[in-house]
There are 2 protein chains.
Amino acid sequence: MSINKKIGKRILTLRKAQKLSQEALAHKADVDRTYMTGVETGKRNVTVRVLDRIIHGLGTNFATFFNDKEFDDEK
Amino acid sequence: MSINKKIGKRILTLRKAQKLSQEALAHKADVDRTYMTGVETGKRNVTVRVLDRIIHGLGTNFATFFNDKEFDDEK
DNA sequence: ATTACAACGGACTATGAGTCACTTTTTGGT
DNA sequence: ACCAAAAAGTGACTCATAGTCCGTTGTAAT
């Protein structure tokens, strides 16, 4: 699976856990509502600066965000 | 510190540990040597797709790459 | 029927990807 | 210490795409 898709899935999971709408998360992360959709569906190749805002908007950090089965398959 | 700089420092650390030159790593990651310099010095806001190539060029993965003190300070 | 949410599209602007010629710093050998 | 070569950094550039802003469509719940 592409890194885009893995990241999108991870965001979706964490967002649902927080019971946030895409729009609410987009607002916290200061990105466009429609852009968040693109990120979650794996269509977007985000930059680390935007990913940083999204991750913090989700109330977590890089270490925790990537500490997931999806991200340690390839070594 | 900016996320760019943190990532640059982390790459430098892992690259040195592998005793690789920027050029050698750049080759593995399929990016230009001068581009690698820009990333390591924190001047570039890389996309996750490029970061993916660099991380794998370093022989590691996202989970391990971000499993570092630098990345769990803010929560 | 209305409301809230998610996906999608097109047009647009800002900025990242990728490359080059050149300079500076670091390294190792004698 | 000196010198040459390797390694790392800089500025400027083109082209692709990241990211925004307008809207529409589909779905589910009320």
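Fair warning: this is a prediction, and the values are worked out from it, not measured in the lab. Chain naming here is simple, since letters A, B, ... match the order of the sequence lines and numbering starts at 1 in each. Reckoned from all heavy atoms, side chains included, excluding hydrogens, waters and symmetry mates.
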Between [N] atom [atom2] and [X] atom [atom1], what is the distance in whole Å?
X: Lys5(B); N: dG9(D); atom1: NZ; atom2: P; answer: 12 Å
X: Glu23(B); N: dT19(C); atom1: CD; atom2: P; answer: 14 Å
X: Glu40(B); N: dA8(D); atom1: CD; atom2: C1'; answer: 9 Å
X: Asn4(B); N: dT15(C); atom1: CG; atom2: P; answer: 13 Å
X: Gln22(B); N: dT26(C); atom1: CD; atom2: C1'; answer: 12 Å
X: Asn45(A); N: dT15(C); atom1: CG; atom2: P; answer: 17 Å
X: Arg15(A); N: dA4(C); atom1: CZ; atom2: P; answer: 17 Å
X: Met36(A); N: dC21(D); atom1: CE; atom2: C1'; answer: 17 Å

message: For a quick check of understanding: with a heavy-atom distance under 4.0 Å over all strands, which category does Ser21(B) fall into, base, sugar-phosphate or nothing?
response: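 Sugar-phosphate contact only - Ser21(B) comes under 4.0 Å of backbone atoms but never of a base.
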
message: Applying a 4.0 Å non-hydrogen cut-off, can you work out what Asp32(B) is touching in the nucleic acid: base, sugar-phosphate, or nothing?
response: base

Arg53(B) side chain vs Val31(B) backbone, donor-acceptor pair below 3.5 Å: no

- prompt: Ignoring hydrogens and geometry, is there a side-chain-to-backbone donor-acceptor pair from Asp52(A) to Ile3(B) under 3.5 Å?
  reply: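 Answer holds: no.
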
Report the nucleotide, chosen from [options], that has the shortest atom-to-atom distance to any side-chain atom of [X].
X: Thr34(B); options: dA18(D), dC20(C), dA17(C); result: dC20(C)
X: Thr47(B); options: dG16(C), dG18(C), dG9(D); result: dG16(C)
X: Arg53(B); options: dA8(D), dG18(C), dG19(D); result: dG18(C)

message: Please confirm whether the shortest side-chain N or O distance from Tyr35(B) to OP1 or OP2 of dG18(C) is below 4.0 Å.
response: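 No, outside the criterion.
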
query: Does Lys43(A) have a side-chain nitrogen or oxygen under 4.0 Å from the phosphate oxygens OP1 or OP2 of dC8(C)?
result: yes

query: Can you say whether the rings of Phe71(A) and Phe62(B) are parallel (under 30°), tilted (30 to 60°) or perpendicular (over 60°)?
result: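 Ring orientation, 0 to 90° scale: tilted.
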
task: Answer yes or no: side-chain N or O of Arg33(B) and base N or O of dA8(D) forming a donor-acceptor pair under 3.5 Å.
output: yes

query: Looking at dG18(C), does its base get a donor-acceptor pair with the side chain of Arg44(B) below 3.5 Å?
result: yes

message: Is a donor from one side chain sitting under 3.5 angstrom from an acceptor on the other, for Asp32(B) and Thr34(B)?
response: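 Yes, a side-chain donor-acceptor pair sits under 3.5 Å.
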
- prompt: Hey, are Thr64(B) and Asn67(B) close enough side-chain-wise for a donor-acceptor pair under 3.5 Å?
  reply: no

